[in-house]
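Letters A, B, ... mirror the listed sequences (proteins, then strands); counts begin at 1.
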Number of protein chains: 2
Amino acid sequence: MGVTKRYIHSDYVNDIAITAKVFAHPARVAILKYISEQGSCICNDIVDEIGLSQATISQHLAVIADAGLLKGTFKGKAKCYCINMETFENFRVLLNSFFITTKSKCC
Amino acid sequence: MGVTKRYIHSDYVNDIAITAKVFAHPARVAILKYISEQGSCICNDIVDEIGLSQATISQHLAVIADAGLLKGTFKGKAKCYCINMETFENFRVLLNSFFITTKSKCC
DNA sequence: TTTTATAATCGTAATATTGCAATATTACGA
DNA sequence: TCGTAATATTGCAATATTACGATTATAAAA
């Protein structure tokens with residue numbers, strides 16, 4: 001065991017969990033926040049900004065990118081990152097739908 | 001290593017990550033969804049509803065409860081769960097603030 | 001008091017995640 | 001082509017998470 005049993009859940013539930021997981025690590029939140037604050041793209045100022053090794057940042061970037069949240073363009077030898085706002089907006093809507101539809105009359 | 005370095009990040013960033021983590025597992029999303037659908041409280045129908053063992057469900061419930069998202073009342077031998085909508089709403093607002101404030105002009 | 005139903009906890013195995021050093025790759029400029 | 005800067009990948013150690021059986025607590029009912 002130790003494996004998440006995704007197959008027992010609906011797609012909707014799995015989608016929410018997978019989406020939330022991207023934001024479930026402070027380094028990834030910080031990376032997205034930093035890119036956002038820089039307005040447009042940057043390179044490995046992220047490594048300087050956040051106190052983690054280049055390897056670790058690169059891994060987190062890969063997780064964010066796999067989720068479809070990054071657009072990258074090579075600008076010289078550096079890579080220019082920016083947020084794919086379309087996917088980002090989809091994520092917002094998905095999570096918000098979950099929050100909005102959840103109700104509970106307490107006992 | 002293997003430990004998330006929370007201390008290098010701001011409280012805001014850590015709060016978002018901790019909040020998102022609650023929803024980062026499909027079982028927890030499914031539990032919340034089920035409680036919500038039942039309107040008010042239930043007991044261990046959750047175990048029957050979701051295909052996980054009682055011990056596992058209990059663990060996930062503990063994670064949700066630790067986040068402040070559950071209210072429980074003992075009703076007979078069974079325990080009655082419901083969602084703490086105040087905390088839930090706070091979570092919604094926190095995550096939404098992050099989504100709303102994030103911008104990016106792509107390269 | 002004993003039984004029974006319900007839920008929490010313990011112990012443990014399997015797997016996932018985090019983080020980093022070392023190394024590879026990629027792309028540019030000299 | 002070589003050297004160099006920027007990123008990605010690999011391999012590994014430490015830790016966290018997930019899941020479950022077994023056990024333990026708890027409270028109502030018999």
Side-chain angles (χ1 to χ4, degrees), chain A residues 1-9 13-14 17-31 34-35 38 41-67 70-82 107, chain B residues 1-9 13-14 17-31 34-35 38 41-67 70-82 107:
Chain A
M1 304 92 202
V3 209
T4 297
K5 291 187 165 180
R6 301 207 182 273
Y7 59 90
I8 66 173
H9 303 287
V13 163
N14 278 316
I18 289 168
T19 300
K21 199 160 200 174
V22 177
F23 306 98
H25 193 288
R28 291 195 286 272
V29 175
I31 288 171
Y34 183 65
I35 296 182
Q38 297 305 303
C41 25
I42 28 90
C43 327
N44 242 24
D45 319 317
I46 304 178
V47 176
D48 299 330
E49 173 71 14
I50 303 169
L52 291 169
S53 76
Q54 181 265 319
T56 304
I57 294 292
S58 192
Q59 275 179 157
H60 282 300
L61 278 170
V63 173
I64 300 171
D66 285 349
L70 281 189
K71 286 184 184 173
T73 327
F74 278 105
K75 219 166 201 172
K77 39 196 157 182
K79 197 166 187 178
C80 169
Y81 291 111
C82 58
C107 28
Chain B
M1 304 84 206
V3 208
T4 296
K5 291 188 165 179
R6 301 206 182 274
Y7 59 89
I8 66 173
H9 304 288
V13 164
N14 278 316
I18 289 168
T19 300
K21 200 160 200 173
V22 177
F23 307 98
H25 194 288
R28 292 195 286 272
V29 175
I31 288 171
Y34 183 66
I35 296 181
Q38 298 305 303
C41 27
I42 27 94
C43 326
N44 240 22
D45 318 317
I46 304 178
V47 176
D48 298 330
E49 174 69 14
I50 303 169
L52 291 168
S53 76
Q54 182 265 318
T56 303
I57 294 291
S58 193
Q59 272 182 163
H60 282 301
L61 278 170
V63 173
I64 299 172
D66 285 349
L70 279 191
K71 287 184 183 172
T73 327
F74 277 105
K75 218 169 204 171
K77 39 195 159 182
K79 198 166 187 176
C80 170
Y81 292 112
C82 58
C107 27

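Between Val29(A) and Val22(A) there is no side-chain heavy-atom pair separated by less than 4.5 Å. Counting heavy atoms from C-beta on, the side chains of Gln38(A) and Asp45(A) never come closer than 4.5 Å. Looking at Tyr81(A) and Ile64(A), their side chains never come closer than 4.5 Å, going by heavy atoms from C-beta outward.
At a cut-off of 3.5 angstrom, counting only N and O atoms as typed in the model, there is a donor on one side and an acceptor on the other between the side-chain of Gln59(A) and the base of dC20(C).
Shown here are the side chain to side chain contact (heavy atoms under 4.5 Å, CB included) partners of Ile8(A), two or more places apart in sequence or in another chain: Lys5(A), Ile50(B), Leu52(B). Judged as a side chain to side chain contact (heavy atoms under 4.5 Å, CB included), and not counting sequence neighbours, the contacts of Gln54(B) are Asn44(B), Val47(B), Ser58(B). Contacts of His9(A) classified as ring-ring contact (aromatic ring centres under 6.0 Å, His included), with partners at least two apart in sequence or in another chain: none. Every residue two or more places apart in sequence or in another chain that forms a side chain to side chain contact (heavy atoms under 4.5 Å, CB included) with Ser53(B) is listed here: Ala55(B), Thr56(B).
With rounding to whole Å, Ile46(A) atom CD1 is found 15 Å from dG19(C) atom P. Counting to the nearest Å, the C1' atom of dT9(D) and the CG atom of Leu61(A) are 14 Å from each other. Distance CZ (Arg6(B)) to C1' (dG19(C)): 14 Å, rounded to an integer number of Å. Atom CG in Asp48(B) sits roughly 10 Å away from atom P in dA7(C) (whole-Å rounding).
Taking 4.0 angstrom as the limit, Tyr81(B) places none of its side-chain polar atoms (N or O) nearer than this to OP1 or OP2 of dT6(C). Note on Lys5(A): a side-chain N or O is less than 4.0 Å away from OP1 or OP2 of dC20(D). Applying the 4.0 Å criterion to OP1 and OP2 of dT17(D), one finds that His60(B) has every side-chain N and O outside that range. Contact annotation: Lys79(A) side-chain N/O to dA8(D) OP1/OP2 distance is under 4.0 Å.
Residues Asn14(A) and Arg6(A) approach most closely at ND2-O, 2.9 Å, considering heavy atoms. In plain terms, the two heavy atoms of Ala17(B) and Pro26(A) that are nearest each other are CB-N, 3.4 Å.
Rounding to the nearest 0.5 angstrom, the gap separating the CD1 atom in Ile31(B) from the CD1 atom in Ile57(B) is 4.5 Å.
Residue pairs satisfying the side chain to side chain donor-acceptor pair (under 3.5 Å) criterion with at least one member in residues 21-30 of chain B, sequence neighbours excluded, are listed as follows: Thr4(A)-His25(B), Arg28(B)-His60(B).
Sorted by residue number, the members of residues 49-57 of chain A with any non-hydrogen atom under 4.0 Å from DNA chain D read Gln54(A), Ala55(A). The stretch residues 18-29 of chain A has no heavy atom under 4.0 Å from DNA chain D, so no residue of it qualifies as close.
In DNA chain C, the stems built from three or more successive Watson-Crick or G-U pairs (distances below 3.5 Å) are C:1-30 with D:1-30.
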